[in-house]
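Taking it in order: structure first as structure tokens, then the write-up.
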Amino acid sequence: MTFPDGFLWGAATASYQVEGAATEDGRGPSIWDTFSHTPGRVLNGDTGDVACDHYHRWPEDLGLLREIGVRAYRFSFAWPRLIPAGTGALEPRGFAFYDRLIDGLLEAGIEPVATLYHWDLPQPLQDAGGWPSRSVLEPFEAYVRAVGEHFGDRVKRFAPINEPWVVSWLGYGTGVHAPGIADIGQAVAAAHHTVVAHNRATRALREVVPGALIGPVLNQALPDVDDISDPFQQRAAAVQDMNQNLFWMESILRGRYPELAYEVYGDHLASVVQPGDLDVQPIDWLGINFYFNARIGHRLPNPVDQQYDIVGALIGGVPENAPVGPTTDMGWPITPQGIGDLLVRWTREYADLLPQMFITENGCAYDDGPDADGRVRDTRRIDYLRAHLASVGDAIDRGADVGGYFQWSLLDNFEWALGYAKRFGLVHVDYATQRRTLKDSARWYADVIARNAL
Ligand code: IFM
């Protein structure tokens with residue numbers, strides 16, 4: 001299976017998950033610093049204080065990217081490194097760090113693909129209300145503008161917000177992510193404000209970055225139930241689809257929320273939408289992060305991951321659907337057909353409104369470490385990636401316009417509420433020594449990239 005010419009092969013990371021250097025060079029505190037330092041919030045008390053020490057070791061990590069042969073690297077700017085208090089003074093040492101990284105990437109012929117917000121909200125902005133409050137909007141726009149003005153001569157491809165569903169529903173709905181609030185009203189308000197912030201960021205970037213290519217990055221999952229003719233299962237599937245997929249697809253592409261959102265969220269939604277909030281800002285690409293189909297009722301082993309509790313809270317319980325098939329270390333089902341089905345679904349449902357799609361994240365956690373000979377034989381990751389890439393290729397054959405694929409993640413890193421316990425990397429990180437080891441999957445991926453084919 002050969003991929004289209006110019007297919008953008010990449011790998012991804014995010015600031016808080018890899019950088020470390022949490023208090024260095026003027027970086028301010030983010031909600032994840034506060035959350036991870038609060039006992040009981042993150043498994044084993046892990047924090048991102050050091051993480052992969054990428055802040056200091058980025059030249060080595062750039063070497064790894066070169067070795068794998070990626071054409072693009074998706075990273076995120078840490079807002080609290082650039083504007084430590086969230087608003088006001090810029091921190092030149094933060095800008096200098098990303099200057100070095102970006103210049104290094106460009107010298108290596110690797111395109112920088114930048115996320116503006118991958119969950120590290122400056123703490124003062126949470127103290128002022130966070131994403132459930134409109135007070136976050138002006139500071140976000142000012143931050144985006146500052147980033148665009150400084151880096152826009154070298155970075156063209158931007159994603160304003162990574163996974164707005166996670167920001168709102170795990171941060172404010174179930175509270176398993178920072179800032180740890182469990183309140184449906186706040187989650188709905190936060191969800192709406194991610195849409196408004198996305199729109200404003202898109203407009204601001206267009207103004208300050210000539211030739212900017214801007215796209216949302218949405219974590220999507222198709223609902224999966226045993227019996228779609230059963231009304232309860234049908235309802236659960238429709239609510240999951242609205243809650244996770246259509247809320248952002250409809251608002252960003254069509255400038256409206258699904259009727260079902262108003263029905264299910266009621267006044268929580270109606271009371272926060274203001275005139276102009278949903279005015280469509282044209283996007284250049286759609287980023288999809290895909291890990292698994294949403295098998296409603298499947299209890300995940302990680303308490304942090306009970307996303308179906310959200311559907312249950314919204315409709316009063318979820319139907320039982322027994323788990324099917326193998327899972328990764330996250331307990332996530334392995335459903336490679338889902339990634340292709342999503343790409344084909346949007347191609348059909350949004351037709352001319354749909355820009356080119358990119359898989360901006362796909363990957364799996366498996367706890368494989370170096371064998372006695374030092375080699376990391378992560379064959380399960382290779383199987384997972386191969387199956388998902390085959391499904392992407394199949395979707396392209398079925399008419400989907402897909403411009404690239406980013407593996408999550410370049411490095412094993414801080415997996416949020418699960419700390420360092422889950423390893424998603426193509427590269428193994430020994431956290432005690434910070435030694436990096438390319439896994440077999442990295443070599444396999446390098447070969448796929450070199451051949452532009454599976
Ligand atoms: O580690 C995360 C990443 O930050 C966002 N997408 C999903 C990944 C795996 O859980």
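Predicted model only: the values in this text are computed from it and were never measured. In listed order, ligands and their atoms are each counted from 1.
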Return yes if some donor-acceptor pair links the side-chain N/O of R81 with the main-chain N/O of G94 below 3.5 Å, else return no.
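No: the side chain of R81 does not pair with the backbone of G94.
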Donor-acceptor under 3.5 Å (K439 side chain, G425 main chain)
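Judged by distance alone, yes, a pair lies under 3.5 Å.
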Residue shell around ligand 1, heavy atom under 4.0 angstrom:
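Answer by chain and number: Q17, H118, W119, N162, E163, Y291, W332, E361, W408, E415, W416, F424.
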Ring centres under 6.0 Å, that's the criterion: do F7 and Y405 meet it?
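Distance test on ring centres: not under 6.0 Å, no.
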For the residue pair Y55 / D25, report whether a side-chain donor-acceptor contact shorter than 3.5 Å exists.
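Side-chain D/A pair, D25 to Y55: present.
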Any side-chain donor-acceptor pair under 3.5 Å between R71 and N452?
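There is no such pair between these side chains.
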Does the plane of the ring in F414 sit parallel, tilted or perpendicular to the ring in Y16? Use 30° and 60° as the thresholds.
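Plane angle over 60°, so perpendicular.
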